Participant: 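Structure incoming, see below.
A quick note: this is a predicted structure, and the numbers were derived from the prediction, not measured. Scope of the values below: all heavy atoms of this structure, side chains included, with no hydrogens, waters or symmetry mates.
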Amino acid sequence: MFNAGLSLEQAPPISVVLRFFLTVPFFGLLLSALMIFAPMELLTPSHPLSLAAIHLILLGVITMSMIGALFQMQSVLGGRPIPSPMGNALIIHTFLVIGILSLAGAFIFSLSALFVIAAVMLGAAIIYTANIILPLLFGGITHDTLRGMRVALISLAVTAILGIVMATSYANDSFSPLHDAIRTSHYSLGLIGWIGALIIAVAFQVVEMFYVTTPYSQWCKRNGFRIIAAALTLKILWLFLALPYVWVFDGALAALLTGFAVTTIRRLRERKRRVSDVSIWFWGSGIALLQTALIAHIAYLWNGNMMIESVALIAFSLFALSIILGMMGKIVPFLVWFHLSSKGFMDAPIMSNVIRANRLKAIFWLFIPTAVFALAAPFYPTALRIAGLTSAILFALVFVNLLGALKLYRHTLAHGTRFEQV
């Protein structure tokens, strides 16, 4: 089966993707607990609890979701299946869970041994992921989304290497003169090279396909990832050589991301498929949060106010979370329907019955106050408690939705009627 550039017959078992997705709410609830019980510490830059929270959202929620999605995307977009997907997914997922819990625990309890465990487990999970997926992105089908996935995975691998170096420093309580350069490179590659590039790559495929929009320009597709790779490479070089005007590269990346945001909103407004879709709401809120993050970061470069930089980091994290929540609401119902249909079940549920629209809307309307109060928190710290409460309900509902989809899949698998039985 090959449709709209998708090799659907190469899709991995549904359990491969859901393994990662079902873990996301768990880390989201841990993050929510920190927001509720330690708001002041979370809003203090470089505080151990703040660092724990940053890694819970960026690794436990965002990266966990994105690696799960990568197992699906590589197989159906690249046309070359990941070898032994269930076994490899189990290994990577286990290492990720242990690594993220160890890293968060290391920051919270100041235990050197946990930093070592986190460095080993997270490093192994990410390098292993890159090792099995990256070779599949070269030499076969080539298109713009796959090029973006290459940039994203390479950025993630380098981010992991820098993270191992930093974790070792925390474990030994000894920091090199290059610590600031390593930390800034770590964040830049993780946020822009990994998260930003992968979301752009996904947009090139799903915005055009799901919403029937006009294509992104060939110039944007051809050069966008080259600009990201070049700007990040030069920024890291400038940081390690302590050269001036590093902000120039941030400006170039901000201009590129602004262009992507404006183009995406224009495509969604001019879409040919005009039916109401909650995932479009998430794309709209995500793009607005991306613009908020870029404006706040540029303002920080101008005046050096750390509260503004906190707004930038919060807004960028929420941008990624918004896109992920929107895509989960489309990917999971599709996977349930597709895998049951491909097995010949005539009563495979239609996508809108896998996760009801009212539940997807509830997640969106929980996300909006979470975002508003989280963005206000650097100026009004108690707002973070409210954001923590709404996010806890949000992640609980995400878990209920995912679990319900899995139960429906298993029930149909066990009791459904196949075409050959009729």
Side-chain angles (χ1 to χ4, degrees), residues 2-6 8 65-66 69 72-73 76-77 141-149 151-152 192 195-228 252-296 298 315-316 318-334 337 350-352 355 357-358 360-361 363-365 367-368 371-372:
F2 193 89
N3 183 40
L6 307 181
L8 295 177
S65 303
M66 293 171 81
Q72 179 74 19
M73 290 167 56
V76 302
L77 293 177
I141 297 172
T142 299
H143 54 74
D144 305 297
T145 295
L146 294 184
R147 293 188 187 98
M149 289 165 62
V151 172
I192 307 301
I195 297 172
L198 190 58
I199 288 177
I200 293 172
V202 169
F204 286 165
Q205 182 73 32
V206 303
V207 169
E208 296 177 13
M209 181 178 67
F210 286 169
Y211 311 119
V212 194
T213 70
T214 54
Y216 288 83
S217 72
Q218 287 301 313
W219 187 95
C220 178
K221 290 181 175 181
R222 185 171 57 251
N223 296 305
F225 300 117
R226 294 175 182 172
I227 293 172
I228 290 175
L253 291 168
L256 174 73
L257 292 172
T258 298
F260 163 72
V262 171
T263 302
T264 301
I265 286 296
R266 185 177 299 164
R267 294 292 183 275
L268 291 174
R269 285 178 177 173
E270 298 171 355
R271 69 188 186 279
K272 298 175 184 177
R273 188 170 182 267
R274 305 300 299 181
V275 298
S276 177
D277 193 325
V278 180
S279 65
I280 294 178
W281 303 358
F282 278 109
W283 273 98
S285 63
I287 294 300
L289 286 161
L290 174 60
Q291 285 298 96
T292 301
L294 295 174
I295 292 169
I298 296 300
F316 192 90
L318 288 167
F319 147 66
L321 179 59
S322 184
I323 303 301
I324 286 168
L325 292 173
M327 288 296 92
M328 269 191 186
K330 292 194 76 73
I331 291 172
V332 173
F334 171 77
W337 169 83
I350 61 174
M351 289 173 57
S352 59
I355 301 178
N358 61 340
L360 295 175
K361 290 178 181 178
I363 289 175
F364 178 80
W365 290 117
F367 174 77
I368 293 302
V372 170

Participant: In sequence, state the C-alpha distance, the side-chain angles, and the governing distance for T213 and R271, and then conclude on side chain to side chain contact (heavy atoms under 4.5 Å, CB included).
Facilitator: CA-CA 4 Å; T213 70; R271 69 188 186 279; 3.7 Å; yes
Participant: Could I get the full list of side-chain contact (heavy atoms from CB on, under 4.5 Å) partners for L360, not counting sequence neighbours?
Facilitator: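 Checked L360 against side-chain contact (heavy atoms from CB on, under 4.5 Å); matches are V278, I355.
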Participant: From I323 CD1 over to L198 CG, what is the distance, rounded to the nearest 0.5 angstrom?
Facilitator: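 Answer for the CD1-CG pair, I323 versus L198, is 11.5 Å.
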Participant: Please report the shortest heavy-atom distance between V206 and W283, naming the atom on each side.
Facilitator: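 Taking every non-hydrogen atom into account, CG2-CZ2, 3.9 Å.
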Participant: Going by the salt bridge (charged side-chain N to carboxylate O under 4.0 Å, His left out) test, which pairs reach into residues 318-333, not counting sequence neighbours?
Facilitator: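 For residues 318-333: D277-K330.
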Participant: Is a donor on one side and an acceptor on the other found under 3.5 Å between the side chain of S279 and the backbone of M327?
Facilitator: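 No, the answer is negative, given that no donor and acceptor are paired below the 3.5 Å cut-off.
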Participant: Test of understanding: with ring-ring contact (aromatic ring centres under 6.0 Å, His included), list the residues that count as partners of F225, not counting sequence neighbours.
Facilitator: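 For F225, the residues satisfying ring-ring contact (aromatic ring centres under 6.0 Å, His included) (neighbours in sequence not counted) are F204.
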Participant: Taking only residues two or more places apart in sequence or in another chain, which ones pass side-chain contact (heavy atoms from CB on, under 4.5 Å) with V372?
Facilitator: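 Only I368 meet the side-chain contact (heavy atoms from CB on, under 4.5 Å) criterion with V372.
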Participant: Cut-off 3.5 Å, no hydrogens considered: what does the side-chain donor-acceptor table look like for residues 284-294, sequence neighbours left out?
Facilitator:
residue: S285; atom: OG; partner: W281; partner atom: O; Å: 3.3
residue: S285; atom: OG; partner: F282; partner atom: O; Å: 3.0
residue: S285; atom: OG; partner: S322; partner atom: OG; Å: 2.6
residue: T292; atom: OG1; partner: A288; partner atom: O; Å: 2.9

Participant: Checking T264 against Y216 for the side chain to side chain contact (heavy atoms under 4.5 Å, CB included) test, could you report, in this order, the C-alpha distance in whole Å, the side-chain angles of both residues, the deciding distance, and whether it holds?
Facilitator: CA-CA 8 Å; T264 301; Y216 288 83; 2.8 Å; yes
Participant: Checking R267 now: which residues fulfil salt bridge (charged side-chain N to carboxylate O under 4.0 Å, His left out) with it, not counting sequence neighbours?
Facilitator: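 With sequence neighbours excluded, R267 shows a salt bridge (charged side-chain N to carboxylate O under 4.0 Å, His left out) to no residue whatsoever.
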Participant: Can you run down the salt bridge (charged side-chain N to carboxylate O under 4.0 Å, His left out) pairs that involve residues 283-296, sequence neighbours left out, and say none if there aren't any?
Facilitator: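 Applying salt bridge (charged side-chain N to carboxylate O under 4.0 Å, His left out) to every pair that reaches into residues 283-296, excluding sequence neighbours, yields nothing.
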Participant: For a side chain to side chain contact (heavy atoms under 4.5 Å, CB included) check, start with the C-alpha distance between M328 and I363, then their side-chain angles and the critical distance, and finish with the verdict.
Facilitator: CA-CA 11 Å; M328 269 191 186; I363 289 175; over 6 Å; no
Participant: Just wondering, do I200 and L257 contact through their side chains at under 4.5 Å, heavy atoms?
Facilitator: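 They are in side-chain contact.
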Participant: Using the side-chain contact (heavy atoms from CB on, under 4.5 Å) criterion, which residues pair with Q218? Sequence neighbours excluded.
Facilitator: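 Listed in chain order: K221, R222.
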Participant: Quick one: does R266's side chain have a donor or acceptor within less than 3.5 Å of a partner on T263's backbone?
Facilitator: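 Checked: no pair found.
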Participant: Specify the closest pair of heavy atoms between I195 and A320, including all atoms of both residues, with the distance to one decimal.
Facilitator: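 Of all heavy-atom pairs spanning I195 and A320, the closest is CG2-CB, 3.7 Å.
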Participant: Do F319 and F316 make the cut of ring centroids closer than 6.0 angstrom?
Facilitator: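 When the ring centroids of F319 and F316 are compared, they turn out to be within the sub-6.0 Å range.
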Participant: L253: what forms a side-chain contact (heavy atoms from CB on, under 4.5 Å) with it, not counting sequence neighbours?
Facilitator: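 Counting only residues at least two positions away or on another chain, L253 forms a side-chain contact (heavy atoms from CB on, under 4.5 Å) with I192, I228, A231, L232.
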